[in-house]
Amino acid sequence: MKDLKHLIFFEDLLQEANNKLVRQAKDEGKYAIGYTCYFMPEVLLDLPGCFSVRLRAPKCTSPDIATYYMSGRVCHYGRSLMERALEGGFNFLDAQMGTETCTVTCRFQEHLQPKHLKSVDDMNIIPNEKFFLEFTDVPFKNTENSYDHFRKQLRAHVLDPLAKNYGIDTSDEAILKAVEEHNEVCRLINEIGDYRKLDNPTITGYEFHVIQLVSLVCPKYLILPYLRETAEEMKTREPDAKWPFRCKVVLAGSENDDPDFTKLIEGCGAEVVCDRYCYGAVESRVPIEIKEGQDPLDAIARHYLQTSNCPRFMPQDEMRARKARLAKLAKDYKADGIIVASNKFCEYWSYERVVDTFILKRDFGIPVCSIEKEYINSASGQLRTRFQAFVESIEIKHIQEGK
């Protein structure tokens, strides 16, 4: 296929958190608000005057200093973020909006908390006197009490601090404007992603992964023109004469902000046609619907709790629904199998991955490849062997079924 016009530019934007578009927005006087989890509504961090940045630690392979502070028995993702913070990679942030969800990222964000004692002056990691950090408590269930609690939390720990510290307009009108911009991003990402449903997709999993990531880590108003142009370009993009892969897979699991991991899978012959993982588009690019007369903040609180497929929701009906959702995604995207990848020591996905591996095969007849990996692919040779074996097993299954 012909190269996408902006792909190299998008790849460059992913090389560091403080990328070209982030610096441009900062130069224009806007405030950079960091976050790590889907449960922190990015739309509320994209109010006029500020912009959201979902934190990543690209190319961090040795979080040695962070391990000293956080232990070697916690997720590599949280340690990598801490390492990048200690290196100064997040010094551009004006605030960090944390969520009481993943324990390890909570510990990382606690280290970012400004210190006010001389004995720990050297641990004021973000050199910004106005920098502040807030934690939002996120419910574990979808009930009316949960929605009410979450709405109050978002008001107290997101909107009010932004207004108090930086004079951000948090009115309903401002929220509606941010929702409109957010929904346009969702529409464009989904439009681009739908080309993966074709028999011979006109976009690879790697390309889509890069595009989805830049929509999370760049100011929306600056990345939107590039997304619009890419969506228009996709309308006339011709596929390869012969489909270059051997099978199609859904990639599910925990934090995955490394497009090279998707490229590794595709290099083994399996095209990644759907991304049901943290940082993926399946959840984060569902448009927010606000009914007539509904409080915008109430709609946002309900949206993020109702659309999440995070394994921290533990009721049996929620767990069963997640398996059925994965099976439906495999059907919708015409996938031959599912790869479930969790980061080592991930608190939630360590058990979710094991259950998925058993249930999806037993109840839905879908081949599953179960992978535990580090945040960055240091063991690419071993992973390649696993993926190649999985692709071959799918091909054997097709032969046995007479396909």
Query - Donor-acceptor contact present, side-chain N142 to main-chain L305, <3.5 Å - result: yes
Stepwise side-chain hydrogen bond (donor to acceptor under 3.5 Å, both in side chains) test for D298 and Q294: CA-CA 7 Å; D298 176 68; Q294 186 179 16; 3.1 Å; yes
Check this for me: does any side-chain nitrogen of one of E229 and K5 sit under 4.0 Å from a carboxylate oxygen of the other?
yes
Between the CG atom in L227 and the SG atom in C186, the distance rounded to the nearest 0.5 Å is 11.0 Å
Should K141 and E318 count as an ion pair when the cut-off is N to O under 4.0 Å?
no
Quiz item: Could D148 and R151 be called an ion pair, given the rule that one side-chain N must be under 4.0 Å from one carboxylate O?
Solution: yes
Rounded to the nearest 0.5 angstrom, the CG-SG distance for L326 and C274 is 8.0 Å
_Side chains of Q24 and E28, donor plus acceptor under 3.5 Å_ = yes
Distance col, row T101:OG1 vs Y348:OH, nearest 0.5 angstrom, shows 7.0 Å
Just by distance, with hydrogens left out, do D64 and S62 show a side-chain donor and acceptor under 3.5 Å apart?
no
Notebook entry, point to check: So do T170 and I175 actually touch side chain to side chain, heavy atoms under 4.5 Å?
Noted result: no
inquiry  = Would you say that more than 12 heavy atoms from the other residues, nucleotides or ligands in this model lie under 6.0 Å from the CG of L198, or not?
reply    = yes
Sorted by chain and residue number, the side chain to side chain contact (heavy atoms under 4.5 Å, CB included) partners of K331 (sequence neighbours excluded) come out as none
* **Pair E207 + R237: basic N to acidic O under 4.0 Å** => yes
Checklist entry - Do L13 and C218 come within less than 4.5 Å of each other through their side chains, counting heavy atoms only? => result yes
Closest non-hydrogen atoms of L360 and A327, given as atom of the first, atom of the second and distance, are CD2-N, 4.3 Å
Applying side chain to side chain donor-acceptor pair (under 3.5 Å) to R246 and not counting sequence neighbours gives E395
_Between E16 and R23, does any NZ, NE, NH1 or NH2 come within less than 4.0 Å of an OD or OE carboxylate oxygen?_
yes
Residues Q212 and G280: closest non-hydrogen pair is NE2-O, 3.2 Å
The side chain to side chain donor-acceptor pair (under 3.5 Å) partners of S370 (sequence neighbours excluded) come to R353, T357
Residue pairs passing the ring-ring contact (aromatic ring centres under 6.0 Å, His included) test with at least one member in residues 304-344, sequence neighbours excluded, are Y38-Y304, F39-F313
*Show the numbers, then the answer: is there a side chain to side chain contact (heavy atoms under 4.5 Å, CB included) between V249 and D336?*
CA-CA 6 Å; V249 296; D336 303 291; 5.8 Å; no
Do Y277 and E255 pass the side chain to side chain contact (heavy atoms under 4.5 Å, CB included) test, and can you show the C-alpha distance, the side-chain angles, and the key distance before you say yes or no?
CA-CA 6 Å; Y277 48 74; E255 289 84 356; over 6 Å; no
So the ring-ring contact (aromatic ring centres under 6.0 Å, His included) pairs with at least one residue in residues 75-94 (sequence neighbours excluded) are Y77-Y375
Does any part of the side chain of M97, heavy atoms only, come nearer than 4.5 Å to the side chain of H157, both counted from C-beta? no
Other residues, nucleotides, ligands: >12 heavy atoms within 6.0 Å of L176 CG = yes
Report yes or no: does R84 contribute a side-chain atom to a donor-acceptor pair with the main-chain N or O of L81 at less than 3.5 Å? no
Is K30 close enough and on-axis enough to F51, meaning under 6.0 Å and within 45°, for cation-pi?
no
- prompt: Is a salt bridge present between R322 and E352, judged by a nitrogen-to-oxygen distance below 4.0 Å?
  reply: yes
Applied to residues 44-54, the side chain to side chain donor-acceptor pair (under 3.5 Å) test, sequence neighbours excluded, yields D46-S52, D46-K220, S52-K220
Between D356 and K323 (salt bridge meaning N to carboxylate O under 4.0 Å), is one present in this structure?
yes
query = Are side-chain heavy atoms of F261 and L251 found at a separation under 4.5 Å?
reply = yes
Smallest heavy-atom separation, K26 atom then A32 atom, equals CD-CB, 4.0 Å
inquiry  = Check whether F140 forms a cation-pi arrangement with R312 (NZ or CZ under 6.0 Å from the six-membered ring centre, at most 45° off the ring normal).
reply    = yes
Is any side-chain heavy atom of I223 closer than 4.5 Å to one of F10?
yes
Heavy-atom closest pair (G34 atom, L93 atom, distance to 0.1 Å) is N-CD2, 3.7 Å
Quick note, ring-ring contact (aromatic ring centres under 6.0 Å, His included) partners involving residues 163-189, not counting sequence neighbours, are Y31-Y166, F132-Y166
When rounded to the nearest 0.5 Å, the distance separating CD1 of I203 from OH of Y195 is 9.5 Å
**Report entry** Geometric class of the Y226/H6 ring pair [parallel <30°, tilted 30-60°, perpendicular >60°]
**Finding:** perpendicular
Those residues at least two apart in sequence (or on a different chain) that pass salt bridge (Lys or Arg N to Asp or Glu O under 4.0 Å) with E180 are none
In short, F390 meets I339 closest at the heavy-atom pair CE2-CG1, 3.9 Å
Here the gap from H149 atom NE2 to E144 atom CD, rounded to the nearest 0.5 Å, amounts to 14.5 Å
> Can you find a heavy atom in the side chain of T105 that is under 4.5 Å from one in the side chain of C37?
Replying inline: no
Can you confirm if the aromatic rings of H303 and Y147 lie within a centre distance of less than 6.0 Å?
no
How about L45 and M40: do any of their side-chain heavy atoms sit closer than 4.5 Å?
yes
- Item | Student check: side-chain heavy atoms of L159 and L47 closer than 4.5 Å | yes
Taken in chain and number order and not counting sequence neighbours, the residues that satisfy ring-ring contact (aromatic ring centres under 6.0 Å, His included) with F150 are none
In short, side chain to side chain donor-acceptor pair (under 3.5 Å) pairs touching residues 266-275 with sequence neighbours left out are W243-E271
>> What I want to find out is whether R285 reaches E42 closely enough, with some N-O distance under 4.0 Å, to be called a salt bridge.
In response: yes
Separation between CG (L44) and CG (L297), nearest 0.5 Å, reads 6.5 Å
Between S254 and S342, the two heavy atoms sitting closest are OG-CA, 3.4 Å
| said: Using side-chain hydrogen bond (donor to acceptor under 3.5 Å, both in side chains), reason through D94 and N128 one step at a time and then give a plain yes or no. | reply: CA-CA 7 Å; D94 295 291; N128 179 347; 3.3 Å; yes
For K334, the side chain to side chain contact (heavy atoms under 4.5 Å, CB included) test, sequence neighbours excluded, returns D199
Sequence neighbours excluded, the answer for side chain to side chain contact (heavy atoms under 4.5 Å, CB included) partners of A231 is L188, E191, I192
